[in-house]
Amino acid sequence: EFHGEDVTNVPAGKRGVGFVFQHYALFKHMTIAKNIGFGLRAKPRRERPSEEAIEARVKELLELVQLDGLGQRYPSELSGGQRQRVALARALASQPKVLLLDEPFGALDAKVRKDLRRWLRLFQEEIKITTVFVTHDQEEALEVADRIVVLNAGRIEQSGAPAEVEAAPATPFMQTFLGGANRFDVTLAGGGVLLDGRPLPPGSVALGAGASAGRDPAPGLGFVRAHELRLLPEGAPEAVLSARITQAAPRGGVVRVELASGGRLLEASVDRDVWSALGLAPGDAVGLGVARMVVYSAEG
């Protein structure tokens, strides 16, 4: 439904959808202005605006996507980010009811993607058109969207506001897809959770859908996100695992630490000040504490 109207049986060309391709799909032999106005000029004669109205709409859109003054250039004379803004302007030319963006930043480098994400968010607030943005980049989705729907093998895994989805992944798939979480095989028994035979503090465990800590032992899957895995001095009493640091890479205000523990490869995210205070380096042995583990039934 678009604005309450069922368009299932409406021909695609009459549904009022603006479409932006991943690879621009601009006509190389046309100027930027001609590309933007193409859809309007291609309308049947009785629906086609006058040439003056088309030129006015093109001028308006060039200003809207911050490309005014570049209308007489050709696609080859623009950067990738500029070309994608031209594609967006072209999709908006016929005043669609909804916009569909098919991985629109997939062909761009990381810095341009980041700049365009920020620009698109502000742009969307200005034009206020319902927009479906398809992406495989979870950071992109979290930054741009008002609402996220995560699809896995054609089924909806979870949907909701970005903050809600990011803070509380609802399924094992979501834990690994969004959170980059460390996965552990655990045992649900005695009303608690055992990791490598050691009980986890009750306050550090959250039971996910389908999991219950009964009296009889049952297999479970535990997920600990990188920022919830704590590095401790080797042999610390609160440590539930021992590990050895294999790699450490500073990223902004945190250090991403890779660890080997009992045949598992784990990742922790540590504040840079904490990392400096610990005085650790690759090759060092450490203890690991769990701030929070989300546990699911292995059968589920």
Side-chain angles (χ1 to χ4, degrees), residues 138-139 141-142 147-247 254-271 274 285-300:
Q138 53 263 47
E139 183 181 326
L142 290 167
R147 182 175 182 83
I148 288 175
V149 180
V150 181
L151 293 172
N152 177 29
R155 290 180 174 272
I156 294 176
E157 282 280 336
Q158 187 173 356
S159 65
E164 170 193 333
V165 171
E166 200 276 336
T171 66
F173 172 83
M174 289 297 297
Q175 289 284 347
T176 55
F177 177 72
L178 267 187
N182 299 291
R183 171 179 161 157
F184 298 91
D185 292 319
V186 299
T187 302
L188 300 160
V193 175
L194 305 178
L195 173 58
D196 290 355
R198 299 185 62 178
L200 291 173
S204 67
V205 174
L207 296 178
S212 60
R215 306 308 303 177
D216 297 328
L221 296 175
F223 294 88
V224 180
R225 301 177 79 174
H227 66 276
E228 294 170 329
L229 193 64
R230 292 180 174 166
L231 268 62
L232 303 167
E234 185 182 16
E238 63 269 40
V240 294
L241 293 170
S242 59
R244 188 168 298 279
I245 298 172
T246 58
Q247 188 175 346
V254 300
V255 177
R256 307 292 288 189
V257 184
E258 293 183 3
L259 306 119
S261 173
R264 291 174 291 236
L265 293 177
L266 306 175
E267 184 177 290
S269 177
V270 184
D271 184 89
V274 173
V286 294
L288 296 178
V290 173
R292 182 174 182 269
M293 175 186 283
V294 182
V295 177
Y296 301 86
S297 165
E299 287 79 4

- Task: Take V254 and V270, measure what side-chain contact (heavy atoms from CB on, under 4.5 Å) needs, and give me the verdict at the end.
- Result: CA-CA 5 Å; V254 300; V270 184; over 6 Å; no

Are the side chain of [X] and the backbone of [Y] linked by a donor-acceptor contact shorter than 3.5 Å?
X: Q158; Y: A170; result: yes
X: E238; Y: G289; result: no
X: R183; Y: P172; result: no
X: S261; Y: S242; result: yes

I need the [X] [atom1] to [Y] [atom2] distance, nearest 0.5 Å.
X: E164; Y: R147; atom1: CD; atom2: CZ; result: 7.5 Å
X: Y296; Y: Q175; atom1: OH; atom2: CD; result: 4.0 Å
X: M293; Y: N182; atom1: CE; atom2: CG; result: 9.0 Å
X: I245; Y: E258; atom1: CD1; atom2: CD; result: 11.5 Å
X: R244; Y: L259; atom1: CZ; atom2: CG; result: 11.0 Å
X: L241; Y: L232; atom1: CG; atom2: CG; result: 10.5 Å

What pair of heavy atoms forms the shortest contact from [X] to [Y], and how long is it?
X: R256; Y: A226; answer: NH2-CB, 4.0 Å
X: P237; Y: R198; answer: O-NH2, 4.2 Å
X: L229; Y: E267; answer: CD2-O, 3.8 Å
X: G222; Y: V186; answer: N-CG2, 4.0 Å
X: A189; Y: P217; answer: CB-CA, 3.8 Å
X: M174; Y: V165; answer: CE-CG1, 3.6 Å

Taking C-beta and beyond as the side chain, do [X] and [Y] meet within less than 4.5 Å on heavy atoms?
X: L194; Y: L200; result: no
X: V193; Y: L188; result: yes
X: F173; Y: V150; result: yes

- Identify, with sequence neighbours excluded, every residue that meets side chain to side chain donor-acceptor pair (under 3.5 Å) alongside D196. R264

